There are 2 protein chains.
Amino acid sequence: MTRSGGQETRVRILRTAAELFRRQGYGATGLNQILSASGAPKGSLYFHFPGGKEQLAAEATALAGRDLGERMAAAVAAADGPRAAVTALGDVLADGLAASGYRDGCPVATVALEQAGEAGPIQDACAATYEGWLAGLREQLKSWGAPEDTAAELADLALSSVQGALLLAQVRRDVGVLHTIAGQVGAHIEARLATVTTGGAA
Amino acid sequence: MTRSGGQETRVRILRTAAELFRRQGYGATGLNQILSASGAPKGSLYFHFPGGKEQLAAEATALAGRDLGERMAAAVAAADGPRAAVTALGDVLADGLAASGYRDGCPVATVALEQAGEAGPIQDACAATYEGWLAGLREQLKSWGAPEDTAAELADLALSSVQGALLLAQVRRDVGVLHTIAGQVGAHIEARLATVTTGGAA
DNA sequence: AATTATGTAGACCAGTCGGTCTAGAGTCCT
DNA sequence: AGGACTCTAGACCGACTGGTCTACATAATT
């Protein structure tokens, strides 16, 4: 490739930044660390991200969120029902966590918590990422017969519980929780879905 | 009081630090900010916490965790069953979150995620805090008839789901999730406990 | 060939970081 | 009274922070 050398650098910076932000958070990660880890000079960073650290974090978080979101969506889509779906969700997260030596948890949570107080592009990117994940889950649940508002409740439940279990697994350095929680929540969702699709409330 | 003026300063620093770490994380919170917010000079900080920022964060996180833990334990103990207990748990967190303008989420999670990669006193304090909360939950569940390992599973489920919902609520700036998740998980736990105490599996 | 856009490269800046150090105020013991 | 101990007070340090700026290489356009 002759042209587009620049975009490669841009993406390399983005991926490096995403990894570091995910592992250390926004405040604890310095621009110089990102630069030396990605091999890019400072000039390139500010050429590609004139908005500085904030823009970089917002884009990096969004990118990492999209990546993981796709992997989760694929795992869920391949499942034959809610129970298998939630279990698969837990597996994706557990595998990534264990494979990274318990360093790679949720690519959004660390930054999201730090930024929860402030308003700004980073917070927006975090909120949008979660919303995207939830939208995917809701669609799946609806395809399995869940009505609109039930799907929303159950998607929230699935994401919340798996997200919390991921946090606990990371702190404990043991992925066990992720599997047991996913199993329980999957069973609960399947049971509730069965009720709704056969007999059904309002 | 004539003496013990020193311990007051120590605690004031600790509480200020806990609040800032909780809202901004470890890396993003500077010693100078803690100092100016608490009104203490730097000399006092290093007299009371010779281990520096790390020791301060470990103690502050432990203290804040103990405080919230006590409030959660009281709410759970006042409940007449698992369902009411988990709902009360969600209420405690939702109230604190909303009352602080969505700034005060979990006093442990923000720091825990930043430090998940490293080993050290901070990580230890976070792990110990969660473990303490879980121990309390397990005892309650056992008092309602749950066998040892079921209690452990259900305590993990309750904490994980509520913790995840808290994160989601904070990002969304809406405590709704906390209530719906707590309701669903409480119902699930109550149902499973009823099964175990009457008929029972292995 | 000259010009313009795209990007790389890193020196440089003021400000802040966590941490150390010395000076001294206040209190207690002897 | 005098010394010891506890704790406050903040000046000071080197290292590092995010951010700006100029110089330059390369490649497409004219």
Side-chain angles (χ1 to χ4, degrees), chain A residues 1-21 23-61 110-111 114-115 118 120-123 125, chain B residues 1-21 23-61 110-111 114-115 118 120-123 125:
Chain A
M1 297 292 176
T2 44
R3 65 206 183 101
S4 90
Q7 291 308 311
E8 284 172 27
T9 304
R10 194 188 142 90
V11 172
R12 206 172 63 243
I13 292 176
L14 228 30
R15 299 221 114 93
T16 307
E19 180 178 312
L20 291 170
F21 285 141
R23 296 184 175 185
Q24 309 173 337
Y26 179 74
T29 303
L31 254 20
N32 293 333
Q33 190 186 5
I34 297 172
L35 260 10
S36 70
S38 69
K42 202 164 254 188
S44 297
L45 198 162
Y46 276 88
F47 173 80
H48 292 292
F49 307 95
K53 195 185 184 185
E54 200 176 40
Q55 183 191 351
L56 176 59
E59 288 198 33
T61 306
T110 315
V111 173
E114 266 181 296
Q115 296 289 320
E118 274 94 332
I122 303 178
Q123 219 278 336
Chain B
M1 296 293 175
T2 44
R3 64 204 182 103
S4 90
Q7 291 308 310
E8 285 172 26
T9 304
R10 194 188 143 91
V11 172
R12 206 173 64 243
I13 293 176
L14 228 29
R15 298 220 114 94
T16 308
E19 180 180 311
L20 291 171
F21 284 141
R23 294 183 177 186
Q24 310 173 338
Y26 179 75
T29 303
L31 253 20
N32 293 332
Q33 190 186 4
I34 297 172
L35 259 13
S36 71
S38 70
K42 202 165 256 190
S44 297
L45 198 162
Y46 276 89
F47 173 79
H48 293 293
F49 307 94
K53 196 185 185 185
E54 199 176 42
Q55 182 191 352
L56 177 59
E59 287 197 33
T61 306
T110 316
V111 173
E114 267 181 295
Q115 296 288 321
E118 273 95 330
I122 303 178
Q123 220 278 338

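Note that this is a predicted model, so its numbers are computed, not measured. In what follows, chains are A, B, ... by sequence order, proteins preceding strands, each numbered from 1. For the numbers below, each heavy atom of this structure counts, side chains included, while hydrogens, waters and symmetry mates do not.
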### Query
Is any side-chain heavy atom of B:Phe21 closer than 4.5 Å to a side-chain heavy atom of B:Thr110?
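A side-chain contact under 4.5 Å is absent here.
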
### Query
Would you say the side-chain atoms of B:Glu114 pair up with the backbone N or O of B:Gly27, donor to acceptor, closer than 3.5 Å?
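Looks like yes, one N/O pair under 3.5 Å.
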
### Query
For B:Thr16 and B:Gln33, what are the C-alpha separation, side-chain angles and deciding distance, and is it a side chain to side chain contact (heavy atoms under 4.5 Å, CB included)?
CA-CA 9 Å; B:Thr16 308; B:Gln33 190 186 4; over 6 Å; no

### Message
Which nucleotide wins on minimum distance to the side chain of A:Asn32, given the candidates C:dG7, D:dT17, D:dT8?
### Response
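When the side chain of A:Asn32 is considered, D:dT17 is the closest of C:dG7, D:dT17, D:dT8.
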
### Query
Which nucleotide in the list D:dG18, C:dG18, D:dC7 gets nearest to the side chain of A:Leu31?
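The closest nucleotide is D:dG18.
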
#### Entry: ring-ring contact (aromatic ring centres under 6.0 Å, His included) pairs, two or more places apart, involving residues 37-60 of chain A
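Output for this query is empty, none listed.
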
In whole Å, what is the span from the [atom1] atom of [X] to the [atom2] atom of [N]?
X       : N      : atom1 : atom2 : value
B:Leu20 : C:dC17 : CG    : P     : 12 Å
A:Ile13 : D:dG19 : CD1   : P     : 14 Å
A:Lys53 : D:dC16 : NZ    : C1'   : 12 Å
A:His48 : C:dA5  : NE2   : C1'   : 13 Å

### Query
Looking at A:Arg10 and A:Glu59, does any basic side-chain N land under 4.0 Å from a carboxylate oxygen?
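Salt bridge present between A:Arg10 and A:Glu59.
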
### Task
Check whether any side-chain nitrogen or oxygen of A:Thr9 sits under 4.0 Å from OP1 or OP2 of C:dG7, and answer yes or no.
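It does not, given that no N or O in the side chain of A:Thr9 lies less than 4.0 Å from OP1 or OP2 of C:dG7.
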
### Message
If we check side chain to side chain donor-acceptor pair (under 3.5 Å) with B:Thr29, which of these qualifies: B:Gln24, B:Lys53, B:Arg23, B:Glu19?
### Response
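Result: among B:Gln24, B:Lys53, B:Arg23, B:Glu19, B:Gln24 is the only option passing the side chain to side chain donor-acceptor pair (under 3.5 Å) with B:Thr29.
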
### Message
Does anything in residues 34-47 of chain B come within less than 4.0 Å of DNA chain C? Heavy atoms only, and list the residues if so.
### Response
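The answer is B:Lys42, B:Tyr46.
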
